[in-house]
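All remarks here apply to the structure that follows.
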Amino acid sequence: MGSQTSALKDHFRAGGELGINHIKLGMWFFIASEVMFFGGLIATFLNFKINSPTLEGELLDVTLVGINTFILLGSSFAVVLGLDAIRQDKPRQLAFYLGITIVLGVIFLSGQVFEFRSLAAEGLTLTSSVFGSSFFTMTSFHGLHVLIGVLWASRNFIKTLRGGYSSSTSIGIELFGIYWHFVDIVWIILFTVIYLI
Amino acid sequence: MKERSILALVIITLVMLAIGYLVAINVDVMPVAASSRALLVDDLARILFGLATVVFIIVQGALIYAVVRFRKRKGDNSDAIQYRGNNTLELIWTVIPAILVTFIGIYSFRVLSEIEVHSDDEMVVEVIGQQFIWQFRYPSYDVRTQELHLPVGQQVRFEITTLDVIHSFWVPAFRAKRDATPGQVSELVITPTELGSYPIRCAELCGVGHSVMNSLVTVESEEDFLKWIAEQSGVLPTPDLEETGSIPAETEIAAEPAQLVGSSIFGRYDCGVCHVLDDAGGFGHVGPTLEGIGETAAAREPAVDARAYLLKSITRPDAFVVAGYSAGSMPQNYEDRISSEELEVLVDYLLTQ
Amino acid sequence: MTNEEIMTAPIRWRRYFKWNTDHKVIGVQYLVTTFIFFLIGGVLAMMMRAELAQPGKDILDGAQYNAVMTNHGSVMIFLWIIPVFAGFANYFIPLMIGAEDMAFPNLNAASYFTFLLGGLVMMGSFFLGGANTGWTAYVPLSIIAPDGQTIWAVSLILVGTSSLMGAINFMTTIVTMRAPGMTFWRLPLFVWGMIATSLLVLLATPVLTTGLILVILDRVAGTVFFDANAGGDPILYQNIFWFYSHPAVYIMILPGMGIISEIFPVFSRKSIFGYRMIALSSLAISVLGLTVWAHHMFTSGLNPGMRVPFMITSMIIAVPTGVKMFSWLATIWDGKISFTTPMIFALGFISLFVIGGITGIFLAAIPFNIHVHDTYFIVAHLHFVLFGGSVSAIYAGVYYWFPKITGRMYNETLGKIHFGMNFVGTLLTYLPMFLAGMLGMPRRVADYAPEFTELNLLATLGGILLAFSTIPFLYNVIVSLAKGELAGSNPWRGLTLEWQTSSPPPEHNFESSPLVTSGPYDYGSAEGAQELLELAPAAGD
Amino acid sequence: MENNIASGKTESHVRTYVYVFLILAAITAFEIYLNSLTIVQEIQNGLFLILSLIKAALIGAFFMHLHTDSKFFTFIFVGPALLFIMFAFFTIAS
């Protein structure tokens, strides 16, 4: 359905001529609903953090999670370099950057699991307290989104090796980029809301 | 605008205002107004009804007039005269509703702040909601009952809490309602003005017995109230079984002979909501199970035979509380609600279980 | 397809039972499935009315009544009123904007089957002890409810995801796939209604998913979000729930209003009055609709200081609704009204919805709300707005587009009988409930004090009339499908794009891609009246 | 910025991405350092919120190409975020 070569020259513009790629628009609408999904979880966490504060906040180790934040930032950086590479028609470089993203994603997830286990050792679990419930639910759902991102990156990685992407057909990588950067932004908000405030 | 249509407009608005005023004065759809708040809320309701009638007549009238006058004549398939918009008209029907709505908002706010003003000499009554009964505790007299008595004219501050799920303490005659939310104390301020007994109902779905969770508030003079309080705070009254106390009008149903079957009495007084008894459809777990009560009744209390134990457990439940269950959760007023023949048949029926 | 082709083309039933990406097939799948759920919800309603006909528990006991009442609410809201408009939108958005299909055809089919799965799972929850906490499922009651409650919550997440997929599809299609010349100010008002609705679905449904996940975790994983002893907060659930559920009631009414805005101009042969005001009012309602949710919590444990802001926003939202009502009246003013069944239902919508709308302003006034909250006054208000409003609009839409979807005409007299029974039934059923509520009858009760007997008896009689009113409708649809006389491509001489192609429309909707040169309701002007379609030069030239 | 309809080769932006990444890393490091200081809680929280918003804006604008794409995408992303803030405020306040 390419844009219509319409004889009508007046300024009435059809959807096709707005210059919006409909797949990307659909992705952004999905991101809007994800913002509200995480919004609900963050509102729950903040509600308990403000209305019924507990001392368990001190158990959290900011430096370890800070490193995790660096890792996720790095993976975002890799993804955007990958997208830039494919636009220069360099699929090998894209594959390389996707590989880095997968590795950093896995490191981030293992960092989270390590942190969960160390907190559980100190008695903070999903069912131990309101703070525990809301903290673990929120971070676990974010972790789930990172896992989905890692699986999506692996699929893209395989597809790139098979020559699935070129400078003109890079929409798949753009979509993955939007999703991955969104998950990274959510982590930045979580990092601030849980550990810093 | 032609003079004729301006005149028509003026007449219509006058007629509307008259109708609205008449409706506002005469509409009477609320229960008896038995508290200071009720009078104010009823006035607000009257004004709302008046305005509603006016808007209703305008819209329905315009609709019916248009349907009758602008019917398509037979065989005329041409399009009507076209006008796509009229800024003044659109402005009018945006501004006027906005003004109306602002007026209602300000008036409601004024009424709200008036009905929730605290006076310093208010009496505190704790309302405790629990699955399927209301309990009232008078901290100043240390009395705990299942019926609410209030002195007329004395402002009361209810402190509403719940022991389990969310309930909603509602007295229609007082036009007052507040949810009992777990984990917090909710306040409600009332000044009863009319003597009499009014129903209390639970307005928030709280489980199986939601429709049964009713009680009674009796507004009486100062002396009667103090006499009642004294009665309550003294030793628990032990009226012997024959003396039938005053039977509250609300739930007394004369027992025709046909209904004198144990299981139907068990069902009619909602015993099944709190006690398990398959034979009569009982499924509630609030109270102890009544399966096999025929045998266990005798063993429950030393030197008390099964029949006496059952009679006492129904009429004065807190006299003996089975281990693991809390006192004050079974309605205390069965003695007034059940007639003595029904009580006999019910106990006979239970003895056969 | 020419008329002869319609006569001979066998109605290919099989494609409705398979994964089909044609938006017209998915639209019909939605319409038929949701109508079946409407009948199921109706049966549950009749069970409730039978129980409530007489004081005293005679048919259902407390637990069964709560389960029937909960599932009546959930089925009617989540499996009928919200998805049926997804059916209309799926079928008519591409046709109305001149597109060949939806932006994401496979996502579209996935949204239908997710909805179907969610519906079946909700029916399944009924046999596992059933959710018995009302469709609002307030905590902590929904934490201690039987197992069916968890399954019920899962089914809501599925249905929510399906409506989310639908909304993404509708918004993307409307923005990027309009035909040349179809600017935003030439979109039919049904499409504007769907924009406003999809905006709400996109922003509010995820928060309901969050709330349901918290309930499921509390029930299954032992978390303590809503356990007051451990610091949990039941009011948090109410905030999360109503943040979705109030926009949900606008999701249920805005498409209905869109259908009414389509029907009035066609049958009074007159352009819609104040097109831009109606379109902007839809958007105003959907944006404001996200800021009013706590008027459902005026009597709850909500911090009292919070009530006044929500009273203000709830009052303001009445203004755009009023603008739409008056614009509709002005549309039929000086028109040439022809009383076909869709038009009668649309007129019925106006008179019933105005009762619901006005009582809505009553409920925004806090002192009055405190008295009537959680009583039958609320039940009457919601049924006037949803049954009197949305369902009348749905019936109007079904009759209006029946010739376009099936290529055949329905029977007018049966349609009018259906309207008569429906209109009288609605008034008879729900007007007494206003009185019962104000006089002191709480909501969701299986039994009531003897003083409400006559009012409930009237409501039950009304309910029976409503139940019977679906018979002429079903008979009309089935018979007309088989033997209805052919309707041709534009029986109502409408000007919106879906009437400019054959009925039922071909696979790719338009023989040649349409070129739009005038608004959707430009009656009276010479150019508007005759064939709108000018053949755009083929893309190749 | 040249018109980059996603078809055909476009010149590389690696330099901008490197700068953005370094800024993000610097802000994160500064936040961790700031967290170890003991200063007035409100100021510290305010600073953290502003810094995280800056980071989010940087990622959104450059990494997600929001500054080159149509403004409609930015509206779709920022709109719900504002709605969330309003919802969170009223939920916590009640």
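Below, chain A is the first sequence line, B the second, and so on; all start at residue 1.
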Check: [Y] and [X] side chains under 4.5 Å, non-hydrogen atoms:
X	Y	value
B:D164	C:I144	no
B:V67	C:F339	yes
C:F368	B:R175	no
B:C202	C:P442	no
C:M438	B:V29	yes
C:S327	B:W93	yes
B:V208	C:Q64	no
C:P367	B:I115	yes

With chain B, which of [options] has the greatest number of heavy-atom pairs at distances under 4.5 Å?
options	value
C:I316, C:L329, C:I312, C:T133	C:L329
C:V445, C:T299, C:L302	C:T299
C:I350, C:N369, C:D334	C:D334
C:G322, C:A145, C:G335, C:A228	C:G335
C:S268, C:S314, C:S338, C:G232	C:S338

Strictly distance-based, threshold 3.5 Å: is any side-chain N or O of [X] a donor or acceptor partner for the main-chain N or O of [Y]?
X	Y	result
B:R201	C:G440	yes
B:K177	C:I370	yes
B:Q184	C:G301	yes
B:H210	C:N66	no
B:Q82	C:S271	yes
B:E204	C:D374	no
B:R178	C:S300	yes

Quick one: which of [options] has the most heavy-atom pairs under 4.5 Å with chain C, could you say?
options	answer
B:D76, B:V55, B:L89	B:D76
B:R69, B:Q60, B:Q131	B:Q60
B:G207, B:P97, B:A98, B:G209	B:G207
B:A45, B:A180, B:S78	B:S78
B:V41, B:T102, B:V32, B:V59	B:V59
B:Y107, B:Y65, B:F109, B:F49	B:F49

So which atom in [X] and which in [Y] form the shortest heavy-atom distance, rounded to 0.1 Å?
X	Y	answer
C:I358	B:A52	CG2-CB, 3.3 Å
C:I337	B:A66	CD1-O, 3.7 Å
B:D79	C:K336	O-NZ, 3.4 Å

Using non-hydrogen atoms only, which part of [X] is less than 4.5 Å away from chain B: side chain, backbone, both, or neither?
X	value
C:M315	both
C:A318	side chain
C:R493	side chain
C:F326	both
C:V323	both

With rounding to the nearest 0.5 angstrom, report the [atom1] to [atom2] distance, [X] to [Y].
X	Y	atom1	atom2	answer
C:M441	B:S211	CE	OG	9.5 Å
C:F298	B:L112	CZ	CG	9.0 Å
C:I361	B:L51	CD1	CG	9.0 Å

- Message: Between B:C206 and C:L141, does the side-chain contact (heavy atoms from CB on, under 4.5 Å) criterion hold? Intermediate values first, please.
- Response: CA-CA 7 Å; B:C206 56; C:L141 191 61; 5.5 Å; no
Original post:
Taking the six-membered ring where the residue is Trp, are the ring centres of B:W170 and C:H371 under 6.0 Å apart?
Top reply: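 Ring-ring flag for B:W170/C:H371: true, centres closer than 6.0 Å.
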Test B:L63 against C:I332 for side-chain contact (heavy atoms from CB on, under 4.5 Å), laying out the working first.
CA-CA 9 Å; B:L63 189 68; C:I332 60 174; 4.0 Å; yes
Measure B:L44 against the heavy atoms of chain C and call it side chain, backbone, both or neither at under 4.5 Å.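 When you check distances to chain C, only side chain atoms of B:L44 fall under 4.5 Å.
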Q. Is chain C contacted by the side chain of B:R37, its backbone, both, or neither, given a heavy-atom distance below 4.5 Å?
A.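 Only the side chain of B:R37 comes within 4.5 Å of chain C.
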Q.
Less than 4.0 angstrom from a charged side-chain N to a carboxylate O is my criterion; do C:R307 and B:E116 meet it?
A.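 Yes, this pair counts.
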